[in-house]
Trainee: 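Here it is, the structure, as structure tokens.
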Amino acid sequence: MAEKVKTVRGFRDLIGEEARKYRYVVDTARDILERNNFEEIILPTVEYTKLFARSIGEATDIVEKEMFTFQDKGGRDIALRPEGTAGVARAYIENKLYADGTYKKLYYEGSMFRHERPQKGRYREFHQIGAEVLGTSNPLADAEIIKIADDILKALKVDATIEINSLGCKKCRPKYREALLQYLKEHKEELCEDCQRRLERNPLRILDCKVEGCQLIAKNAPKITDYLCEECKTHHQKVKEYLKALGVEFVENPYLVRGLDYYSKTVFECVSEELGKTVIAGGRYDYLVEELGGPPTPALGFAAGVERLMLLVKELPKRPPLVLVIPFGGDREREEALKLAHRLREEGIRTELSYREGKIRKQFEFANKIGADYTIVVGENELKQGLFPLKNLHTREEIKLPFEEIVKVLKTQSG
RNA sequence: GCGGUGGUAGCUCAGCUGGUAGAGCAGGGGACUGUGGAUCCCCGGGUCGCGGGUUCGAGUCCCGUCCACCGCCCCA
């Protein structure tokens, strides 16, 4: 045999039930977003590398070491998108979606690529479904975005805790950063190696370090919420009020920070205890559009990790019952069975025509194997009488009816 | 990128200190020629992840490599 070609590391096939689970997660989220009057935006899979460098942040791991980048034949630096928000912001600016003076609600869905070490629920090609609202600073939008994330989790019956925080704005965040940095420097010796490094690069991240010693230090660190300016404080307060009004359960986590540089004010994460991982995350990014060369545009959004949600979805909606049409006899019977099978499909009934030849007994074994719920034998006697045996494989009951009666019976089952 | 565990039949796995590859389940056929999940009988199937080394001889020991999974980092 020739050498077998395998999938690229971190990439995989989704087959049958896995594929159905994928569709279920995506369709459920899409449904909720459509109901909230979000418009779909279908984005390119590749963008110029600098788009991500400028939006996500030069110094982040995603940009520094996790992007799939390459040069095209024209020597342009291109990257497979590692996330969706940057592309949405770029499209918003490029297509002047701000021109009509209203805010825009967009959602996207598709593959994202990060060159990380693969693990369960973490692949190099993974999928996100994300929503973005561009052009409003109204805290109603923050509350609604979080509510949608909550609705998706509830619809999928996934348990997760919603944690929220505010990262402040250009006015108040620097003051907080200053205070935090000063505090952390006083405790530098007690911090773990990683955190000593973070001190320079991204001190906010020390707050959610898992090392025990660091957590103790983090516990007594100044809280961002104590440093928020009036505007940010009011905004944060309003978001929480609206969430309560909506009955969305959440916990405040003053140490919640996000890994992407573009966030401001509201940030949130939906954390699954079962996975020990975040399944949906998002927040405000009021400066991103402007930093990418657009007009000043407050905005916010979230991204849901499809693979991670799939790991938590225990039950899929049932497929409609399956009917196996079994030809029995010769060419005439095969041809009739072929036509009758398509008659059933015309009516929306999930139908398999057996290509198996041989004993009737084997046909029934085949019916079980493929998970059929009903069988219809099409043989010489049936064609002569115009009556066909519809057998329920679960109850083993069989009724003989004219074909069009069978169609009616099955149609009510397929609802 | 770092640390750990593991890769043997379609699946789950066994294979002790090196001596020509096994079980259960699944699959195919028959007992049973127009009605299935039971039972019995028979059968097929493997470059032991890949490459190299040690050895008379390697699934087993050594080195390398790939892949999966777990933890870290990071993140959805």
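Lettering follows sequence order; numbering is per chain, from 1.
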Trainee: Find which nucleotide of RNA chain B each of A/His115 and A/Pro118 is nearest to by heavy atoms, and output the residue with the more 5' nucleotide.
Mentor: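 Closer to the 5' end of RNA chain B: A/His115.
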
Trainee: So, OP1 or OP2 of B/A31: does either fall under 4.0 Å of a side-chain N or O from A/Lys359?
Mentor: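 Affirmative; the distance criterion is met.
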
Trainee: Please tell me which of the listed nucleotides, B/A76, B/U35, B/G34, lies nearest to the side chain of A/Phe328?
Mentor: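 Minimum distance to the A/Phe328 side chain belongs to B/G34.
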
Trainee: Looking at B/G34, does its base get a donor-acceptor pair with the side chain of A/Glu382 below 3.5 Å?
Mentor: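 Per atom types, the contact qualifies.
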
Trainee: Would you classify A/Val377 as touching base, sugar-phosphate or nothing, given that sugar-phosphate means primed atoms plus P, OP1 and OP2, and contacts are heavy atoms under 4.0 Å?
Mentor: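 Here A/Val377 touches the bases of the nucleic acid.
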
Trainee: So which nucleotide from B/C69, B/G28, B/G34 ends up closest to the side chain of A/Arg356?
Mentor: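 Closest nucleotide among those given: B/G28.
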
Trainee: Does A/Lys391 get its side chain close enough to the base of B/G36, under 3.5 Å, for a donor-acceptor pair?
Mentor: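 Flag set: donor-acceptor pair detected.
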
Trainee: Give a yes or no on whether a donor-acceptor pair under 3.5 Å exists between the nucleobase atoms of B/U35, that is its base, and the side chain of A/Gln363.
Mentor: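 Looking at the base of B/U35, it does not pair with any donor or acceptor on the side chain of A/Gln363 (distance under 3.5 Å).
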
Trainee: Quick one: A/Asp61 CG to B/C73 P, roughly how many Å, whole number?
Mentor: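 Distance, rounded to whole Å: 11 Å.
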
Trainee: Any cation-pi pair here, A/Lys50 with A/Tyr48, using under 6.0 Å and within 45°?
Mentor: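 Yes.
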
Trainee: When you look at CD of A/Glu40, are more than 12 heavy atoms from neighbouring residues, nucleotides or ligands closer to it than 6.0 Å?
Mentor: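 Yes, the 6.0 Å shell around CD holds more than 12 heavy atoms from other groups.
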
Trainee: Rounded off to whole Å, could you give me the CG-to-C1' distance for the A/Asn368 and B/G37 pair?
Mentor: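 Going from A/Asn368 (CG) to B/G37 (C1'), I get 6 Å.
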
Trainee: OP1 or OP2 of B/G29 versus the side-chain N and O atoms of A/Lys362: is any pair under 4.0 Å?
Mentor: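 Yes, because at least one side-chain N or O of A/Lys362 sits under 4.0 Å from OP1 or OP2 of B/G29.
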
Trainee: Answer yes or no: side-chain N or O of A/Arg117 and base N or O of B/C69 forming a donor-acceptor pair under 3.5 Å.
Mentor: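 Such a pair does not exist between side chain and base.
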
Trainee: A/Gly10 near the nucleic acid: base, sugar-phosphate alone, or nothing, with a heavy-atom cut-off under 4.0 Å?
Mentor: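 Result for A/Gly10 = sugar-phosphate.
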
Trainee: With sugar-phosphate meaning primed atoms plus P, OP1 and OP2, does A/Ala367 contact a base, only sugar-phosphate, or nothing at under 4.0 Å between heavy atoms?
Mentor: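 Nothing, no nucleic acid heavy atom in range.
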
Trainee: With a non-hydrogen cut-off below 4.0 angstrom, is A/Leu393 in contact with a base, only sugar-phosphate, or nothing?
Mentor: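 Counting heavy atoms under 4.0 Å across all strands, the contact made by A/Leu393 includes a base.
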
Trainee: At 4.0 Å (heavy atoms only), tell me whether A/Pro389 reaches a base, stays on the sugar-phosphate, or touches nothing.
Mentor: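 Touches a base.
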
Trainee: Compare the aromatic ring of A/Phe126 with the six-membered base ring of B/A76 and state whether they stack according to the 5.5 Å and 30° rule.
Mentor: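 Yes, the aromatic ring of A/Phe126 stacks with the base.
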
Trainee: So, is A/Arg361 close to the B/G37 phosphate, meaning a side-chain N or O under 4.0 Å from OP1 or OP2?
Mentor: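 A/Arg361 to B/G37 OP1/OP2: side-chain N or O found under 4.0 Å.
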
Trainee: Can you check whether A/Arg76's main-chain N or O pairs, donor with acceptor, with A/Asp72's side chain at less than 3.5 Å?
Mentor: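 Looks like yes, one N/O pair under 3.5 Å.
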
Trainee: Do A/Arg12 and A/Tyr123 meet the cation-pi criteria used here (NZ or CZ under 6.0 Å from the six-membered ring centre, within 45° of the axis)?
Mentor: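 Yes, A/Arg12 and A/Tyr123 form such a contact.
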
Trainee: Does OP1 or OP2 of B/A76 have a side-chain N or O of A/Arg81 closer than 4.0 Å?
Mentor: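 For B/A76, OP1/OP2 do not have a side-chain N/O of A/Arg81 under 4.0 Å.
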
Trainee: For A/Gly121, which contact category applies under a 4.0 Å heavy-atom criterion: base, sugar-phosphate, or nothing?
Mentor: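 Base contact.
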
Trainee: Taking the same atom, C1', in B/U5 and in B/G10, what whole-Å distance lies between them?
Mentor: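 Straight-line distance between the two C1' atoms is 25 Å.
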
Trainee: Does the cation-pi check pass for A/Lys104 over A/Phe38, that is, NZ or CZ under 6.0 Å from the six-membered ring centre and within 45° of its axis?
Mentor: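 Ring-cation test returns no.
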
Trainee: Over all strands shown, is A/Arg124 touching base, sugar-phosphate only, or nothing at heavy-atom distances under 4.0 angstrom?
Mentor: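 Touches nothing.
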
Trainee: By nearest heavy atom, map A/Ala303 and A/Leu275 onto RNA chain B; which one lands nearer the 5' end?
Mentor: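 It is A/Leu275 whose nearest nucleotide is closer to the 5' end.
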
Trainee: Looking for any heavy atom pair under 4.0 Å, which part of the strands does A/Glu307 touch: base, sugar-phosphate only, or nothing?
Mentor: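 The answer is nothing, as A/Glu307 stays clear of every strand by at least 4.0 Å.
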
Trainee: Quick one: A/Glu64 CD to B/C73 C1', roughly how many Å, whole number?
Mentor: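 Rounded to the whole Å, the gap is 13 Å.
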
Trainee: Please indicate whether A/Asn36 has more than 12 foreign heavy atoms, meaning atoms of other residues, nucleotides or ligands, lying under 6.0 Å from its CG.
Mentor: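 Atom CG in A/Asn36 is crowded, with more than 12 foreign heavy atoms closer than 6.0 Å.
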
Trainee: Does A/Gln119 make a side-chain N or O approach to OP1 or OP2 of B/G71 shorter than 4.0 Å?
Mentor: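 So the side-chain polar atoms of A/Gln119 do come within 4.0 Å of the phosphate oxygens OP1 or OP2 of B/G71, strictly under.
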
Trainee: Are any of A/Arg9's side-chain N or O atoms less than 4.0 Å away from OP1 or OP2 of B/C67?
Mentor: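 Yes, because at least one side-chain N or O of A/Arg9 sits under 4.0 Å from OP1 or OP2 of B/C67.
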
